[in-house]
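All remarks here apply to the structure that follows.
Just so we're clear, the structure is a prediction, and the values are computed from it rather than from any experiment. Convention: sequence-line order gives letters A, B, ...; per-chain numbering from 1.
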There are 4 protein chains.
Amino acid sequence: MSLSKREMILAAALELFTERGFQATSTALIAKTAGVATGTLFHHFESKEALINQLYLDIKLAMATAMVPEKSMSSLSSVEQLKVAAAVLWRQALEWCITHHKEARFFAQYNHSPYIDKQTVAQAQTQVLGFVTELIEQGQAIAIFKPLPAPLLYEVCHGLMLQTAFFYIEAESRPSETDIEQTFGLLWDALHA
Amino acid sequence: MSLSKREMILAAALELFTERGFQATSTALIAKTAGVATGTLFHHFESKEALINQLYLDIKLAMATAMVPEKSMSSLSSVEQLKVAAAVLWRQALEWCITHHKEARFFAQYNHSPYIDKQTVAQAQTQVLGFVTELIEQGQAIAIFKPLPAPLLYEVCHGLMLQTAFFYIEAESRPSETDIEQTFGLLWDALHA
Amino acid sequence: MSLSKREMILAAALELFTERGFQATSTALIAKTAGVATGTLFHHFESKEALINQLYLDIKLAMATAMVPEKSMSSLSSVEQLKVAAAVLWRQALEWCITHHKEARFFAQYNHSPYIDKQTVAQAQTQVLGFVTELIEQGQAIAIFKPLPAPLLYEVCHGLMLQTAFFYIEAESRPSETDIEQTFGLLWDALHA
Amino acid sequence: MSLSKREMILAAALELFTERGFQATSTALIAKTAGVATGTLFHHFESKEALINQLYLDIKLAMATAMVPEKSMSSLSSVEQLKVAAAVLWRQALEWCITHHKEARFFAQYNHSPYIDKQTVAQAQTQVLGFVTELIEQGQAIAIFKPLPAPLLYEVCHGLMLQTAFFYIEAESRPSETDIEQTFGLLWDALHA
DNA sequence: CATGAATGAGATTTCATTCAT
DNA sequence: AATGAATGAAATCTCATTCAT
């Protein structure tokens with residue numbers, strides 16, 4: 001068996017939650033799809049909600065791993081450096097979303113859903129995607145980003161990226177090179193002081 | 001009684017859906033909160049889903065009424081005119097959201113929820129908030145907005161506004177005059193070619 | 001329909017709880033036996049526990065009604081009066097138990113069970129069977145009963161009666177006149193100073 | 001490790017069964033509390049029911065050992081001898097219950113519970129506590145005890161003792177010397193012809 | 001002896017909706 | 001229009017027990 005039962009449950013849940021929604025997916029169906037007994041699901045996850053929260057963290061982590069910059073964001077001191085770093089993150093995020101259809105749809109649907117604990121969201125924001133906040137604060141430090149609250153700008157970045165990715169996924173098309181540059185412009189211009 | 005039973009049901013549903021979520025709110029609780037019998041709810045609305053869709057339309061309409069410009073957007077030909085018109089819409093929308101707490105939370109939660117029919121969303125977008133799309137197309141016509149797909153830009157406008165409003169609501173604070181201008185900048189700069 | 005659905009549920013629950021035990025009786029079986037839908041049970045009783053507590057109170061009340069003395073116990077001043085009153089209660093209680101098989105078994109099984117709230121037991125003891133406590137205190141007032149705590153003596157009365165009734169029920173026999181007198185002796189002699 | 005795993009399982013079961021009830025205590029919880037794996041419990045006991053029956057027997061045996069008279073009860077021929085012997089048993093039983101809190105609660109709860117086999121109860125009554133029945137029959141032989149069925153009187157002894165012990169345990173107090181004598185009077189007077 | 005992941009039948013409870021009054 | 005008792009399918013979660021390691 002290449003995947004552990006736990007992993008098969010998570011995979012089945014991702015598939016079903018994005019295609020049918022959280023409430024419309026029964027735990028029995030998840031278990032059946034994963035090829036395990038219903039009890040097994042509850043052996044690995046305390047509840048259906050615990051399962052979706054774990055899924056959220058796992059996916060955020062996978063996305064962050066795909067985006068993660070090699071150098072710390074706190075050493076960027078020129079506008080050019082910052083813009084290049086931001087553009088790289090934007091491209092990585094968009095491309096990951098496009099090659100990870102289900103995961104992107106999952107975010108689009110569950111990013112602000114009541115099923116995900118605020119605690120889980122906060123954990124993802126600070127621990128997993130902390131480098132985005134770092135970049136924002138760095139940009140504000142050298143006064144090229146608008147002096148709005150950093151958490152608001154973080155949400156703006158996140159929201160714009162997801163909206164853009166979701167737009168192409170829904171349209172079942174892919175952004176061209178130009179689209180990527182243009183849509184990055186949405187973000188950069190929005191942030192720029 | 002100043003409010004009809006139908007109106008009391010809608011008010012109770014708004015309160016409960018935003019505070020507890022759609023699924024966590026039973027029709028029995030809505031009826032009890034509204035002070036009517038369970039059967040009465042189904043006299044006025046065909047189903048629980050019909051109820052939330054009606055609520056969505058009602059609220060969108062109320063918000064649009066508060067924002068609605070006096071002149072058509074299609075007659076704007078200069079950058080200045082467009083920017084002023086857009087700024088007015090931004091301010092009106094934000095202020096309405098801040099004085100209509102529950103309604104704003106409702107949008108933040110249900111704007112992309114599976115409980116709202118795509119048909120209802122489309123109806124709101126074209127009939128009720130058509131002037132926003134008009135403004136976007138006008139701006140693209142005179143080449144001051146980025147030449148990205150108009151529906152994508154519509155979503156960007158909507159998303160940024162809700163995110164901003166929700167940020168202040170969650171923080172239980174109010175945006176200052178400067179905040180309003182600065183956050184409008186997020187939108188305007190994002191759109192600007 | 002001679003019995004309301006609520007009453008049919010209570011009757012079915014009494015039958016099944018005494019024959020199969022609380023845990024071994026599913027709510028589905030109770031509903032089926034009562035000839036109603038499962039949901040109906042939960043329309044009338046908040047939970048399975050609420051059902052058994054209600055049953056407990058109902059039965060206690062029925063037993064008390066069968067035993068209830070015409071005069072207040074607090075006016076008994078001579079030993080003879082007290083003994084006669086006590087003997088009458090003993091006989092009434094035993095006879096009620098013998099003509100109410102199921103109910104008596106129910107008490108024997110659930111009187112000190114964890115499924116019955118302490119609150120429910122207390123309510124039965126003070127409100128429903130208060131006259132027993134009255135008799136005990138009256139006997140202590142004229143110093144013919146042992147000066148032990150009244151609640152302890154109440155438990156002794158109750159326990160001896162149930163044990164005796166249960167003994168005959170289990171043996172599937174009935175106490176003779178002499179048995180009733182002799183067993184009353186167990187109680188009276190125990191209490192007597 | 002001073003206690004074998006088997007003993008730790010029994011100790012955990014006693015604790016949990018008395019505090020939470022038989023059904024509300026899962027085998028997984030017993031194992032966890034005992035610090036062993038779930039499977040281990042089933043190596044030592046065939047089933048959850050076998051476990052509680054073993055516990056019942058162990059505790060009955062421990063109590064009997066603490067009460068056990070040095071001489072056989074069948075050689076008592078005078079009222080005085082009998083009364084002294086009975087009083088000793090009463091005191092021993094009460095004191096054991098008071099210094100063995102959990103065990104006493106266990107009896108109060110499970111003495112007539114459906115989880116304990118009738119066979120187990122019978123075994124305890126004849127083999128372990130046979131001397132009580134012996135004493136009763138001896139008293140009836142010399143006509144100082146009421147001529148009621150011996151098993152009924154055995155139940156009366158047992159019931160009165162447990163009720164008394166439980167009363168003090170619940171009240172979190174201890175019986176004084178006088179209380180012990182007075183409560184022994186409850187039993188002796190009840191039995192006395 | 002010991003482990004603990006896996007099982008799957010079964011339990012309680014919920015809830016949108018209907019309909020006789 | 002208004003009521004609220006009744007429905008019964010379906011959902012989540014539990015748990016005693018097994019067995020491969």
Side-chain angles (χ1 to χ4, degrees), chain A residues 1 4-6 8-9 22-32 34-51, chain B residues 4-6 8-9 22-32 34-52, chain C residues 1 4-6 8-9 22-32 34-51, chain D residues 4-6 8-9 22-32 34-52:
Chain A
M1 170 173 21
S4 72
K5 303 213 171 200
R6 190 173 186 281
M8 294 178 70
I9 292 167
F22 181 73
Q23 295 286 350
T25 301
S26 70
T27 51
L29 182 60
I30 298 170
K32 194 180 166 189
V36 302
T38 57
T40 306
L41 192 156
F42 290 94
H43 182 69
H44 291 287
F45 305 95
E46 238 179 39
S47 65
K48 196 185 174 185
E49 294 229 331
L51 170 58
Chain B
S4 72
K5 300 212 170 193
R6 189 173 186 283
M8 293 179 71
I9 291 167
F22 180 72
Q23 293 285 349
T25 302
S26 69
T27 51
L29 182 59
I30 298 170
K32 194 180 166 190
V36 303
T38 57
T40 305
L41 189 154
F42 288 90
H43 268 292
H44 293 287
F45 305 94
E46 225 177 55
S47 66
K48 194 185 174 187
E49 296 229 331
L51 170 58
I52 198 174
Chain C
M1 168 171 27
S4 73
K5 301 212 171 199
R6 190 172 187 282
M8 293 178 71
I9 291 167
F22 181 73
Q23 294 286 349
T25 301
S26 71
T27 51
L29 182 60
I30 297 171
K32 193 180 168 188
V36 302
T38 57
T40 306
L41 191 156
F42 290 92
H43 183 70
H44 291 288
F45 305 95
E46 235 178 43
S47 66
K48 195 184 175 187
E49 294 229 332
L51 170 58
Chain D
S4 72
K5 300 210 169 192
R6 189 173 187 281
M8 292 178 71
I9 291 168
F22 181 71
Q23 293 285 351
T25 301
S26 69
T27 52
L29 182 58
I30 298 171
K32 193 180 166 188
V36 303
T38 56
T40 306
L41 190 155
F42 289 91
H43 268 293
H44 292 287
F45 305 94
E46 226 176 53
S47 66
K48 195 184 174 187
E49 296 229 330
L51 169 59
I52 198 175

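B/F22 pairs by the ring pair (Phe, Tyr, Trp, His ring centres under 6.0 Å) definition with B/F17, B/Y115, not counting sequence neighbours. In this structure C/E49 satisfies the side-chain hydrogen bond (donor to acceptor under 3.5 Å, both in side chains) test with no other residue, sequence neighbours excluded. Under the side chain to side chain contact (heavy atoms under 4.5 Å, CB included) criterion, A/E46 pairs with A/A50, not counting sequence neighbours.
The distance from atom NE2 of C/H43 to atom CZ of C/R6, rounded to the nearest 0.5 Å, is 10.5 Å. Interatomic distance, B/H44 NE2 to B/K5 NZ, rounded to the nearest 0.5 Å: 8.0 Å.
Rounding to whole angstrom units, NZ of residue B/K48 and P of E/dT17 are separated by 8 Å. The CD1 atom of C/I9 sits 10 Å away from the C1' atom of F/dA6 (whole-angstrom rounding). Protein atom CE of A/M8 is 11 Å distant from nucleotide atom P of E/dA6, rounded to whole Å. Distance CZ (C/F45) to P (F/dA5): 13 Å, rounded to an integer number of Å. In this entry the distance linking CZ of C/F42 with C1' of E/dT14 reads 9 Å, nearest Å.
In DNA chain E, runs of at least 3 stacked Watson-Crick or G-U pairs (N1-N3 plus N6-O4 or O6-N4, or N1-O2 plus O6-N3, all under 3.5 Å) give these stems: E:2-21 with F:2-21.
Residues A/V36 and A/M8 are not in side-chain contact: their nearest non-hydrogen atoms beyond the backbone lie 4.5 Å or more apart.
Mapping A/R6 and B/E49 onto DNA chain E by nearest heavy atom places A/R6 closer to the 5' end of the strand.
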Check: protein-nucleotides 1-4 of chain E nitrogen or oxygen pairs below 3.5 Å:
residue, atom, partner, partner atom, Å
E/dA2, OP2, D/H44, NE2, 2.8
E/dA2, N7, D/H43, NE2, 2.9
E/dT3, OP1, D/K5, NZ, 3.2
E/dT3, OP2, D/A37, N, 3.2
E/dT3, OP2, D/T40, OG1, 2.5
E/dG4, N7, D/T38, OG1, 3.1
E/dG4, N7, D/G39, N, 3.1

For residues 24-31 of chain A, which side-chain donor-acceptor pairs fall under 3.5 Å, sequence neighbours excluded?
residue, atom, partner, partner atom, Å
A/T25, OG1, A/L16, O, 3.3
A/T25, OG1, A/G21, O, 2.7
A/S26, OG, A/L29, N, 3.1

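Nearest heavy-atom pair, B/L41 versus B/I9, reported as atom, atom and distance to 0.1 Å: CA-CD1, 3.8 Å.
Contacts between residues 22-32 of chain C and DNA chain F, counted as heavy-atom distances below 4.0 Å, involve no residue at all.
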